[in-house]
Amino acid sequence: MMIRFTKMHGLGNDFVVIDGVRQQVVLTPDHVRFLAHRRLGIGCDQVLMVEPPSDPSRAAFRYRIFNGDGNEVEQCGNGARCFAVFVRDQGLTRESRIPVETAAGYITLQIERDGQVTVDMGTPRLTPWEIPFEAERAAPWYTLAVQDQTLEIGTVSMGNPHAVLLVDNVQTAPVARLGPAIEGHPRFPRHVNAGFMQVMSREHIQLRVYERGVGETLACGTGACAAVVVGRLQGLLDTQVNVDLPGGRLVVQWSGHEHDPVFMTGPATSVFTGTIDVSTTPRLKMDGYANRPG
Ligand SMILES: N[C@H](CCC[C@H](N)C(=O)O)C(=O)O
């Protein structure tokens with residue numbers, strides 16, 4: 001099966017984007033692992049599929065997200081921005097305001113005049129069972145026993161699950177050690193994205209994210225939103241925050257009221273287009289996210 005694709009990234013969080021509107025594409029987990037593999041395939045953190053919506057009165061497209069380990073997930077913030085630029089550049093829409101159906105519900109994408117994209121990511125979900133996270137009750141912080149440490153984490157779902165912990169210095173934070181231990185912790189039945197946040201001021205944080213199903217990425221859009229929500233709920237942050245990730249800066253806005261949506265603004269970059277034959281997909285085992293960058 002020959003597939004046309006576009007390679008894109010949002011601050012270095014990279015994607016293989018596939019038009020499933022004008023091509024008939026059925027992706028298996030093996031296909032996704034092959035496309036994502038950085039030596040045997042194209043290489044990316046996630047594969048994004050553009051499909052027709054299930055209800056055209058509510059959305060222009062359906063947007064599906066697959067982690068490099070082959071699993072389909074609920075939401076991807078950097079991917080949403082790339083999605084908007086993709087459907088516009090491919091002539092699938094002429095609109096700059098694009099309502100989209102995702103597995104986590106409906107979101108709205110706005111292509112700004114400067115080419116950046118603002119995403120209405122919807123409201124944060126804060127109760128443990130919405131994450132999902134095993135806890136007796138909802139709380140601003142939870143303690144989590146990880147290896148020989150007791151960590152304090154905040155949890156939030158942006159459609160996908162996030163655990164956020166405060167660190168004194170993101171550069172020296174033990175992301176490689178604690179990231180996998182948190183990501184696969186048994187109290188997160190669907191695993192979790194682990195964010196390491198250093199608060200620089202009320203309007204500025206630095207953040208690294210060890211992503212579920214991928215490993216550490218250069219940027220994580222839903223992770224940036226989750227970190228701002230946790231920091232705001234802790235009274236550490238104001239309503240608009242510059243989030244500096246290893247791959248660059250996102251701007252996240254949230255009022256602090258749980259029924260208000262979180263907005264994220266940032267760039268989306270197209271790198272190249274191509275075609276690939278997936279009919280001879282090798283069976284790839286994901287041993288610790290073998291497709292991590294580098
Ligand atoms: N790894 C995430 C999906 C991609 C999220 C990230 N790339 C973003 O920009 O939000 C998860 O398993 O929930």
Side-chain angles (χ1 to χ4, degrees), residues 7-17 29 32-33 36 43-49 63-86 100 102-105 107 109 116-122 124-125 130-133 155-164 175 179-180 182-185 188-197 207-230 243 245-252 262-269 286 288-289 291-293:
K7 184 75 193 313
M8 302 185 74
H9 72 85
L11 300 180
N13 179 199
D14 63 339
F15 310 105
V16 168
V17 190
V32 172
R33 286 188 284 266
C44 65
D45 293 326
Q46 280 90 23
V47 175
L48 310 180
M49 276 285 286
Y63 155 49
R64 298 177 68 187
I65 303 120
F66 302 85
N67 278 330
D69 66 359
N71 289 315
E72 184 166 6
V73 292
E74 310 88 345
Q75 195 52 271
C76 178
N78 288 321
R81 301 197 313 276
C82 289
F83 178 99
V85 169
F86 177 82
V100 174
T102 74
I107 60 174
L109 319 176
Q116 297 216 93
V117 182
T118 295
V119 183
D120 172 345
M121 295 297 298
R125 278 130 272 181
E130 290 175 292
I131 307 300
F133 174 56
T155 61
V156 58
S157 169
M158 293 306 303
N160 59 345
H162 289 269
V164 179
V175 175
I182 297 168
E183 191 270 356
H185 196 283
F188 290 99
R190 295 172 55 88
H191 290 219
V192 72
N193 300 284
F196 299 77
M197 167 168 67
L207 180 69
R208 290 170 66 184
V209 181
Y210 187 94
E211 284 198 30
R212 176 178 64 168
V214 178
E216 183 174 3
T217 56
L218 291 177
C220 180
T222 53
C225 295
V228 169
V229 168
V230 167
V243 181
L245 300 120
R249 176 170 286 190
L250 294 174
V251 178
V252 175
V262 183
F263 293 91
M264 168 198 56
T265 300
T269 306
M286 294 301 293
Y289 313 125
N291 68 332
R292 258 188 281 176

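Both ligands and their constituent atoms are indexed starting at 1 by order of listing. Since this is a predicted model, take the numbers as computed values, not measurements.
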Practice problem: Spell out, as yes or no, whether a donor-acceptor pair under 3.5 Å connects the side chain of R33 to the backbone of D69. | Solution: yes
Self-check item: Donor-acceptor contact present, side-chain Y63 to main-chain A80, <3.5 Å
Solution: yes
Quiz item: V16 and G43: which non-hydrogen atoms are nearest, and at how many Å?
Solution: CG2-O, 4.4 Å
Quiz item: If you measure only the distance, is there a donor-acceptor pair under 3.5 Å linking the side chains of Q75 and T222?
Solution: no
Quiz item: Can you name the ring pair (Phe, Tyr, Trp, His ring centres under 6.0 Å) partners of F15, sequence neighbours left out?
Solution: none
Exercise. Let me know which protein residues bring a heavy atom to under 4.0 Å of ligand 1; chain then number is fine for ordering.
Key: N13, Q46, N67, V73, Q75, C76, G77, N78, N160, N193, E211, R212, C220, G221, T222
Quiz prompt | Result of checking T265, L250, T269 against R81 for side chain to side chain contact (heavy atoms under 4.5 Å, CB included) | solution = L250
